[in-house]
Visitor: 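Let me give you the structure first, and then I'll get to my questions.
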Amino acid sequence: MNTLSPLLDVRTLSVDFPTRHGLAAALRGVSFSVGREKLGIVGESGSGKSTVARAILDSLPPQARVSVEGLTFEGADLRTMPKARRAGLLGRRLSMVPQDPRFGLNPVISVGRQIAESYRLVGGHGRREARALALDALAMVKIADPRATYDRYPHQLSGGMGQRVMIAMMLAPGPALLFADEPTSALDSTTTGHVLETLHDLVSARGMGLVLISHDLDLVAAFCDRILVMNQGEIVESCRAGDLSRVRHPYSRRLLAAVPRLPVPRDRSSAALGGR
Ligand SMILES: Nc1ncnc2c1ncn2[C@@H]1O[C@H](COP(=O)(O)OP(=O)(O)OP(=O)(O)O)[C@@H](O)[C@H]1O
């Protein structure tokens, strides 16, 4: 696959939910693509950000009515491929970082064993090899002492460490594109900086794509390459993060006006992110 071609291409995605008063539109014909880059999706609560991710990752509740004119991932048509193949892709090549690591980790198994187990399952590695890969993954997400952390249980980790352990676990299947829906909403600003820095390093070191969903325009603008602004189920603005101050849509301008710090810092050094 050409490195310049998009990893994911979405054409005219609409989602409706049945309510007592008829169908309510959550997404109204959303189209975008994402490559090996960091794409931010921002908008107020209820604008449809999470529904975009859930529709693509097949995790909407069964009552949701989904229609999409085009949905390709790494050049393959997700709409027409056999269900088993699509299920295999989702969670492996295309996956979601959970908002809260407590829901993604088993509380009674040490975190290292859980990561090693993912490598065994996905790659068929032996015990020793899987342990070595798990230690590498912990180092890759900048856990300071991977050996000590390997034997810890989820409740023994801080919020930021738990989130990084979760990301380490998601690396086992070798994802090409990660969705992260408010991955740092439970973290303080310094820890948020560290988790975002980890994600940034993965995107550049592994050539992955990342879709960061957040209501925090300031954070998304500082971290992402491109931004989609959503309002009432539609993308009302699509721009490079550096061009944010020139946006035209009145809704985007209102969102911007609500952010106290502009112009947006574009320095991606750890100090800039960590100091947020
Ligand atoms: N399971 C559901 N049943 C009915 N309506 C839903 C369901 N999930 C989402 N919606 C509706 O779809 C719309 C978009 O919701 P969504 O959660 O995608 O917004 P969001 O921008 O991610 O909001 P937040 O930032 O609060 O998570 C909202 O009007 C919401 O009420």
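Remember, it's 1-based here, ligands and their atoms both numbered in the order they're listed. All values below come from the heavy atoms of this structure, side chains included, with hydrogens, waters and symmetry mates left out. In what follows, residues are counted from 1 in the order of the sequence shown.
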Visitor: Which of the numbered atoms in ligand 1 are below 4.0 angstrom from a heavy atom of E44?
Guide: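 Going through ligand 1 atom by atom, the ones under 4.0 Å from E44 are 21 (O).
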
Visitor: Does CZ belonging to R79 count more than 12 external heavy atoms closer than 6.0 Å?
Guide: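 Counting neighbours around CZ of R79, more than 12 heavy atoms of other residues, nucleotides or ligands fall under 6.0 Å, so yes.
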
Visitor: For ligand 1 and Q63, I'd like to know whether there is a polar contact (N/O to N/O, distance under 3.5 Å).
Guide: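 Not met; the criterion fails.
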
Visitor: Below 3.5 Å, N or O to N or O, backbone or side chain included: is there any such pair between S50 and ligand 1?
Guide: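 Yes, at least one N or O pair falls under 3.5 Å.
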
Visitor: Are any of the side-chain heavy atoms of L212 and P183 separated by less than 4.5 Å?
Guide: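 In short, these two side chains touch, coming nearer than 4.5 Å.
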
Visitor: Could you list the atoms of ligand 1 found under 4.0 angstrom from a heavy atom of G48?
Guide: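 Listed by number with element: 14 (C), 16 (P), 18 (O), 19 (O), 20 (P), 21 (O).
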
Visitor: Shared ILVMFWY cluster between V97 and V122, side chains joined below 4.5 angstrom?
Guide: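 In one cluster with V97: V122, no.
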
Visitor: Is atom 5 (N) of ligand 1 less than 4.0 angstrom from at least one protein heavy atom?
Guide: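 Yes; the ligand atom in question has protein heavy-atom contact below 4.0 Å.
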
Visitor: Between M161 and I109, is there a shared hydrophobic cluster once you connect ILVMFWY residues whose side-chain heavy atoms come closer than 4.5 Å?
Guide: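 No.
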
Visitor: Can a donor-acceptor pair be found between the side chains of K38 and H200 at a distance below 3.5 Å?
Guide: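 Yes - a donor-acceptor pair under 3.5 Å links their side chains.
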
Visitor: Near T51, which atoms of ligand 1 are under 4.0 Å from a heavy atom of that residue?
Guide: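 Those qualifying, in numeric order: 14 (C), 15 (O), 16 (P), 18 (O).
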
Visitor: So which of A26, G46, A55 gets nearest to atom 20 (P) of ligand 1, if we judge by its closest heavy atom?
Guide: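 Heavy atom nearest to atom 20 (P) of ligand 1 belongs to G46.
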
Visitor: Under a 4.0 Å heavy-atom limit, does P61 contact ligand 1 with its side chain, its backbone, both, or neither?
Guide: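 It is the side chain that touches ligand 1; the backbone stays farther off.
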
Visitor: Say whether L171 and V203 are linked into one hydrophobic cluster, either directly or through other cluster members, by side-chain heavy-atom distances under 4.5 angstrom.
Guide: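 Result: yes, single cluster for both.
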
